[in-house]
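Atoms considered below: every heavy atom in the structure, side chains included; atoms not considered: hydrogens, waters and symmetry mates. Index from 1, following the sequence.
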Amino acid sequence: MDNIYLYAIALLMLIVGFVTVKKIAGCLFKTVLIAILLSVLGVLYYYWKTMTTVG
C-alpha cells in the first residue's frame, strides 16, 4: 500500500514540475524574443540613421 502513495506523490510532483517549467520557459521565451526584437530595431535604426546622414 505504501508503493501506491509513493507513486501518487511522484506523479503529483511530476505534474507540478512540468507546469512550473512550462511557465518559466514561456516567460523566458518571451523575454528572449523581446530582446531579439529590440536588438533588430536598434540595428535598423542605426543603419537608417547612418544612411540618411551620409546621403
Set of side-chain contact (heavy atoms from CB on, under 4.5 Å) partners for Y46, sequence neighbours left out
T50

If you link I, L, V, M, F, W and Y whenever their side-chain heavy atoms are under 4.5 Å apart, who else ends up in the same group as M13?
I9

Could you pull out all donor-acceptor pairs under 3.5 Å where a side-chain atom in residues 28-43 meets a protein atom, sequence neighbours excluded?
from: T31; atom 1: OG1; to: C27; atom 2: O; distance (Å): 2.9
from: S39; atom 1: OG; to: A35; atom 2: O; distance (Å): 2.9

